[in-house]
Number of protein chains: 2
Amino acid sequence: MVRRLTSRGLKRRDQLINYAASRFAENGFHPTSVTEIVNGLGVGKGVFYWYFDSKEEIFIEILRGAQRDLRRYQQKAIENESDPVARIEFGIRASIIWLANHPDFFTLLQFAATDEKFSRLIRAGEEIAVQDVAQHIREGISQGRIDEGDPLFLGHAILGVTNQLTRVLLFEKKRDPSVVADAVVRFALGGLRGFSGVIAAGAMGGK
Amino acid sequence: MVRRLTSRGLKRRDQLINYAASRFAENGFHPTSVTEIVNGLGVGKGVFYWYFDSKEEIFIEILRGAQRDLRRYQQKAIENESDPVARIEFGIRASIIWLANHPDFFTLLQFAATDEKFSRLIRAGEEIAVQDVAQHIREGISQGRIDEGDPLFLGHAILGVTNQLTRVLLFEKKRDPSVVADAVVRFALGGLRGFSGVIAAGAMGGK
DNA sequence: TAAAAACTTGACCAGTCAGTCAAGTTCTCC
DNA sequence: GGAGAACTTGACTGACTGGTCAAGTTTTTA
């Protein structure tokens, strides 16, 4: 949808995006109807379709905006740090703080990753985040601070820990963001350092 | 729904569960209609409602079955191992193998975790799996093989790495299950060992 | 000030959905 | 063999969906 929007139009569009995001987060994407969105805002249905071609489109806009905002926040958090491992840590901490401040978006991103219609977009955003961290991992490896290993694998592993602990500790168990961040950082940096058979050495025959 | 089922009825119920699971995995839960399920099986709609009260109920049955089966598989994989760290490793490997053999269930479990109607069930299953691994972690800590840390946090961290790497490496990048398992185990055991400030020591002022 | 562009209304459409049910068929068990 | 239980059919219902559009209002522009 391409339209010349006045400031009034821009405000309305924002209002739709924000309200729709909160409804989608609470009820889910499919169960939330366009009628419900416009009624909640007290406007006619035509308003919705003046700004968006479809329910799908507004959801994609919501996702794009969230991804953009999160990435900016991450980059700002690490811009003055040159040590690669510290950049990883600061990136993790920034992500958790951002998620704590945008719980709705966390829910939306999690759902979108499971829906065929939106998972492409989510994965593309994920891939970008992983590329970012993989670069720091490469530097860390070349400095001998991180064990050899595929940087992309390791980046995804960090993402997985961050997402899971954020969901469980931050949102479900209501832990403080800094506590969650400490736990993620501890595990992620330990995971990066890797495991060379020392821990379980007493036990295993194979691998 | 409680009914006395003959063997014919049990077969039909199984057929409905399996076909519905494959449709839900491919199309998503909401977009898949009951009509689509019964038409795909070439039966009347009444058949569906003879065995299940609702579309929601069949989905819950699918999830329960998957959780039960996965847990059994995990337990079988570690039953003859006494070393706690090795039990963790074998549990991870068993999970990945099971998921590789049940890609539909992986998709379903991921979606269900994001839907308010089903997330309770998923979280309960997750909590059980985490309790299992937390027990091994506790033993590992008391043996001095794993750094101090909340066993539940660490258990969730392992779950997060396993899920993410399974999704990305196994299902998206089509890597061999054993390669995925190696990557997960490496990261998870390293993460358990923890991080005591050595890696990033050169860099950080604050935490 | 007047035309054009931006914005809003809400009734309406065609389609889909989960779920019902009266009627019929097949099976089990005595 | 016959009664009752298990199973199956598919037309039907009422609610709701995403999306359209002709008509109207407000704002911008020149």
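First the proteins, then the strands, lettered A, B, ... as listed; each starts at 1. Note that the coordinates shown come from a computational prediction; the quantities given were computed from them, not determined experimentally.
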Any side-chain N or O of Arg3(A) under 4.0 Å from OP1/OP2 of dA6(C)?
no
So with a 6.0 Å cut-off around CZ of Arg64(A), is the heavy-atom count from everything else above 12?
no
Lys117(A) NZ to dG18(D) P: how many Å, rounded?
12 Å
Selected nucleotide, minimal atom distance to Arg4(B) side chain, candidates dA6(D), dT8(C), dA18(C)
dA6(D)
How many Å lie between CD on Glu56(B) and P on dG19(C), as a whole number?
8 Å
Given atom CG of Leu41(B) and atom P of dT9(D), what is their separation to the nearest angstrom?
10 Å
To the nearest angstrom, the CD1-C1' distance between Ile37(B) and dG19(C) comes to 13 Å
Nearest-nucleotide 5' precedence on DNA chain C, Ser7(B) against Phe48(A)
Phe48(A)
Pairing donors with acceptors under 3.5 angstrom, does anything connect the side chains of Gln15(A) and Arg12(A)?
yes
To the nearest Å, give me how far apart CD1 (Ile58(A)) and C1' (dG18(D)) are.
14 Å
Side chains of Asp115(B) and His30(B): any donor to acceptor distance under 3.5 Å?
yes
Thr6(B), nearest nucleotide to its side chain (from dC7(C), dA6(D), dA18(C))
dA6(D)
Among dA18(C), dG19(D), dC7(C), the nucleotide that comes nearest once only the side chain of Ser54(A) is considered:
dG19(D)
For atom CE of Met1(A) and atom C1' of dG19(D), their distance in whole Å:
12 Å
Mark yes or no for a side-chain to base donor-acceptor pair under 3.5 Å between Lys55(A) and dG19(D), with no hydrogen or angle criteria applied.
no
Mind checking Tyr51(A) for me? I need base, sugar-phosphate or nothing, with any heavy atom below 4.0 Å counting as a touch.
sugar-phosphate
Among dC27(C), dC7(C), dA11(D), the nucleotide that comes nearest once only the side chain of Arg8(B) is considered
dC27(C)
Do Arg71(B) and Gln74(B) have side-chain atoms, one donor and one acceptor, less than 3.5 Å apart?
no
Given dC7(D), dT20(C), dC7(C), the nucleotide with the shortest approach to the side chain of Tyr49(B)
dT20(C)
With distance as the sole criterion, do the side chain of Lys45(B) and the base of dA18(C) form a donor-acceptor contact below 3.5 Å?
yes
Any idea how Trp98(A) and His102(A) line up, ring-wise: parallel (<30°), tilted (30 to 60°), or perpendicular (>60°)?
parallel
How close or far is atom P of dT8(D) from atom CG of Asn39(B), stated in whole angstroms?
16 Å
Pair Asn27(A), Glu36(A): side-chain N/O donor-acceptor within cut-off below 3.5 Å
yes
At under 4.0 Å between heavy atoms, what does Thr32(B) touch on the DNA or RNA strands: base, sugar-phosphate, or nothing?
sugar-phosphate
Counting only side-chain heavy atoms from C-beta out, which of dC7(C), dG18(D), dC17(C) sits nearest to Ser33(B)?
dC17(C)
Considering only side-chain heavy atoms of Val47(B), which listed nucleotide, dG19(C), dT9(D), dA6(C), is closest?
dT9(D)
Report which part of the nucleic acid Gly9(B) touches: base, sugar-phosphate, or nothing (heavy-atom distance under 4.0 Å, all strands).
sugar-phosphate
CZ of Arg13(A) versus P of dA6(C): gap in Å, rounded?
15 Å
Establish, with yes or no, whether the OP1 or OP2 oxygen of dC7(C) is under 4.0 angstrom from a side-chain nitrogen or oxygen of Trp50(A).
yes
